[in-house]
Structure formats: C-alpha cells, structure tokens
There are 2 protein chains.
Amino acid sequence: MKRFVEVEQFLKARGIRLTGERQLIVRRAVSYLHFTAEELVKDVRTIDPTVARGTVYRTLGLLHRTGVVEKHDFRYGPPNYEVTFAKAHHDHLMCIQCGEIIEFQEPRVEHIQEQVVKRYGYQLLSHTHKLYGLCQKCRHVNPKRASKAPMLHVEEIVA
Amino acid sequence: MKRFVEVEQFLKARGIRLTGERQLIVRRAVSYLHFTAEELVKDVRTIDPTVARGTVYRTLGLLHRTGVVEKHDFRYGPPNYEVTFAKAHHDHLMCIQCGEIIEFQEPRVEHIQEQVVKRYGYQLLSHTHKLYGLCQKCRHVNPKRASKAPMLHVEEIVA
DNA sequence: AATCTAGTTGAGACTTAGTCTCAAGAAAGA
DNA sequence: TCTTTCTTGAGACTAAGTCTCAACTAGATT
Ligand SMILES: [Zn+2]
Ligand SMILES: [Zn+2]
Ligand SMILES: [Zn+2]
Ligand SMILES: [Zn+2]
C-alpha cells in the first residue's frame with residue numbers, strides 16, 4: 001500500500017480532518033527522504049499554487065506533533081523534515097562536505113541511552129544522534145572549505 | 001586561572017586581535033552554561049550598550065570556528081551556545097518541559113560511534129547526541145508546551 | 001440532500017533571528 | 001609616527017516562520 005494512504009488512514013483514525021490541502025502536502029512529503037519546509041512549500045505550489053505558506057507550515061506542525069514526521073537539524077540551513085511514519089528508528093551520519101546522509105541503526109547505543117536517562121531520573125521521549133564527518137570520497141579531495149564552513153577541530157585550523 | 005583568561009590567551013596565541021568588545025563578550029559568555037546569541041547580546045549590552053548586535057554575532061562565529069564554543073540545537077527556540085574550551089567532551093539530556101539540561105559522559109557510546117563511522121568508511125569530525133525527556137519533577141506535572149527556559153548562570157548552578 | 005458547526009484556509013502583516021555593507025575607528029607592526 | 005589590516009557600529013536587509021481573521025469546508029446531524 002502506498003505510504004501516503006497509510007499516513008492518511010492514520011490521521012483519519014485520530015479524528016484529524018483530511019482536507020485536500022493536507023492530502024496534497026502529505027503526498028508530496030512522502031516523496032522525499034529529507035526536505036525543508038520551504039522546499040515543500042515550493043513543491044506543493046507547483047501542483048496547486050493557491051496553497052498558502054501558512055498551511056504547509058501548519059500541516060508540517062501537525063504531522064510533527066502526531067509523530068508522522070521528524071525534524072532534523074543538520075546544522076547547515078533550516079531544519080530538515082523526514083516522514084518517519086512506519087519506518088524503523090535510525091540515526092544519521094552526514095558528510096559535511098558533500099551532504100551525503102547515511103542512516104544507521106545501533107541497538108547498543110539505544111540501550112545505553114536508557115541507562116543514562118534512568119541514571120538521572122528522566123523519562124526518555126526522543127533523541128537525536130548525529131555523526132558528522134567526511135565520506136571516503138571527500139576525504140581525499142581538496143580540503144578547501146565552503147563559505148559557511150562547518151566547525152573544525154582546533155588541530156585542523158592550526159595546521 | 002579564570003577561564004576567560006585562558007580563552008583570551010588561546011585567541012592571542014592564534015594571532016587573533018583581542019579587542020575590548022571581544023574581551024567583554026568572552027567574559028560574559030563564560031559566565032553561562034548555555035546561552036542563545038540574543039541573550040548574549042542583551043547581557044553584553046547591560047554592561048556596554050554601544051556594542052552592536054553584529055559584533056556579538058561575529059565574535060560568536062569566531063569563537064565557534066576556533067572551537068572555543070559549541071553550537072547546540074535543543075529544538076526549542078534558537079540555537080544554544082556553550083563555551084567548551086578546555087572542557088571535557090559530554091553530551092546532553094534535556095527536559096522538554098522545564099528546559100533543564102544535564103551533561104553526561106558515555107565512553108561506551110563514544111566508542112561505538114567510531115565503529116559506525118568506520119563501517120561506512122567515514123572520518124568522524126564531530127557529533128551530537130541529545131536525549132529529550134521529562135525530568136522527575138515535570139513528569140508529574142500537567143503537560144504544557146515546552147517553555148523557553150531561562151539560561152542559567154554558572155554561579156547559580158553551583159549555588 | 002440540506003443544514004450545522006467546529007476546524008481549516010488564504011492572504012498578508014508581523015516577528016524573530018540573523019546577515020550584510022560600508023565608512024569610521026582601532027590594533028599591531030615597521 | 002605612519003601604514004596597513006582588521007574590527008566596529010549602525011542600520012538596512014533577508015530568511016524563516018508565526019499570527020490574525022474573515023471566508024470557507026469537511027464531516028456530522030438531521
Ligand atoms: Zn537512535
Ligand atoms: Zn562526501
Ligand atoms: Zn559524545
Ligand atoms: Zn523538567
């Protein structure tokens with residue numbers, strides 16, 4: 001079954017009104033792996049130019065609150081969204097040079113997290129675990145940095 | 001030795017011009033555990049109201065590039081900064097209700113991360129690992145929206 | 001089908017956080 | 001001192017997102 005249908009059923013089951021705008025937004029959103037709010041606004045408008053920016057943001061907020069999408073901050077630019085509905089949990093490894101994103105799973109880390117929150121008497125609700133580095137390709141190319149340079153370790157700057 | 005002196009020596013040793021504004025900004029910054037750029041602007045201006053917003057942002061950028069401060073996105077509101085110069089690496093656990101931030105260390109996770117990046121042929125440069133949940137107090141309180149918790153002064157936390 | 005009503009929308013003003021430009025000022029070096 | 005280079009203040013500007021409200025609509029009720 002198409003992913004957007006599952007999402008729509010989920011929303012329906014939660015008593016959330018399924019408007020034409022929301023259907024369009026959900027259908028465009030599931031077509032991406034990661035996207036920004038403004039990218040989604042633009043995309044949705046190529047299909048229906050009358051959809052207001054506010055509607056896209058409100059719908060994204062709705063999807064986020066209901067757990068259908070996750071919000072990622074990959075440090076560079078505005079937050080990225082990802083439709084994680086009915087998708088296994090994973091964390092991210094990103095190349096700071098070319099932007100490649102790898103999704104990884106590490107049950108050992110998930111387990112240790114539980115120990116950490118218990119240690120402090122917390123109830124864990126969510127988490128993010130992001131690794132930043134250079135992929136094999138980018139490691140061997142000219143280390144010239146882009147204008148919006150990522151933070152480098154002190155040793156690298158001195159060198 | 002005062003922490004701001006160490007930071008200033010570090011900047012000096014790197015040939016970075018130590019202006020009066022930068023000294024003031026560094027001294028105010030080290031007095032916090034976590035702070036936002038706008039909070040720092042306000043704070044600095046209570047001492048010298050003529051310091052321009054741009055100067056604070058530029059200096060924060062400088063401190064970030066040189067590894068003196070780290071930038072955190074705790075999801076709610078603008079990014080938080082933290083002076084991590086000469087401070088042991090740690091990750092963060094945050095209460096989404098009251099904004100309390102706990103710093104934790106987990107060598108086991110640090111080790112697993114290395115295995116992950118190796119698995120994909122990456123070179124690890126940095127990472128963030130953030131756990132979100134409810135602290136013991138907030139767990140038993142009527143759920144409300146995540147607040148913009150006030151930043152805490154180091155002295156207040158010690159007290 | 002017609003009606004009802006609470007939830008949703010478009011439009012655009014507004015806000016917040018941050019960037020950029022540039023003339024003037026200040027630091028370090030000769 | 002003079003010179004060069006870097007830094008600053010001021011404020012215009014931008015990007016991203018929020019808010020308001022009259023008009024509209026989905027879904028429920030009749
Ligand atoms: Zn995880
Ligand atoms: Zn790469
Ligand atoms: Zn860590
Ligand atoms: Zn709390």
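Within every chain, numbering begins at 1; the chains are lettered A, B, ... in the order of the sequence lines, protein sequences first and strands thereafter. On a predicted model such as this, the values are computed, not experimentally measured, just so you know.
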* Structure fact -> Contact check, residues 26-50 of chain A vs DNA chain C, heavy-atom distance under 4.0 Å, returns A/T50
* **B/R53 bridged to B/E38 by N-O distance under 4.0 Å** => yes
* Are the ring centres of A/H89 and A/H127 closer than 6.0 Å? -> yes
* Asked: Is it true that the side chains of B/Q113 and B/R108 contain a donor and an acceptor less than 3.5 Å apart?
  -> no
* Where the side chain of A/R17 is defined as all heavy atoms beyond and including C-beta, which of C/dG7, C/dG10, C/dG18 is the nearest nucleotide? -> C/dG7
* **A/T19 side chain near C/dT8 phosphate (N/O to OP1/OP2, under 4.0 Å)** => no
* To do: Under 4.0 Å between any heavy atoms, over every strand shown, what does A/R58 touch: base, sugar-phosphate, or nothing? Just pick one.
  => base
* Side chain proximity check, A/V117 to A/E114, heavy atoms < 4.5 angstrom -> yes
* **Angle by which the axis turns from one end of the helix from C/dA1-D/dT30 to C/dA30-D/dT1 to the other, five pairs per end, to 10 degrees** => 30°
* Asked: Any salt bridge between B/K137 and B/E100, counting N to O under 4.0 Å?
  -> no
* First of B/L18 and B/Y57 reached from the 5' end of DNA chain C, by closest nucleotide -> B/Y57
* **Sub-4.5 Å side-chain heavy-atom contact between A/R28 and A/R45** => no
* To do: Using a 4.5 Å cut-off on heavy atoms from C-beta on, say whether the side chain of B/I47 contacts that of B/R27.
  => no
* Proximity of A/Y120 and B/F104 rings by center, below 6.0 Å -> no
* To do: Taking heavy atoms of chain A and a 4.0 Å limit, find me the 5'-most and 3'-most nucleotide of DNA chain D within that range.
  => D/dA16 to D/dG27
* **Distance-only polar pair, side chains of A/E82 and A/H90, donor-acceptor under 3.5 Å** => yes
* To do: Take atom CZ of B/R22 and atom P of C/dG25, then tell me their distance rounded to the nearest Å.
  => 19 Å
* Spacing of A/L24 atom CG relative to C/dG10 atom P, expressed in whole Å -> 10 Å
* Can you find a pair of side-chain heavy atoms, one from A/T84 and one from A/V69, that are under 4.5 Å apart? -> no
* **Nearest-angstrom distance from the residue atom NZ of B/K71 to P of C/dA17** => 13 Å
* Please confirm whether B/H92 and B/H34 have ring centers closer than 6.0 angstrom. => yes
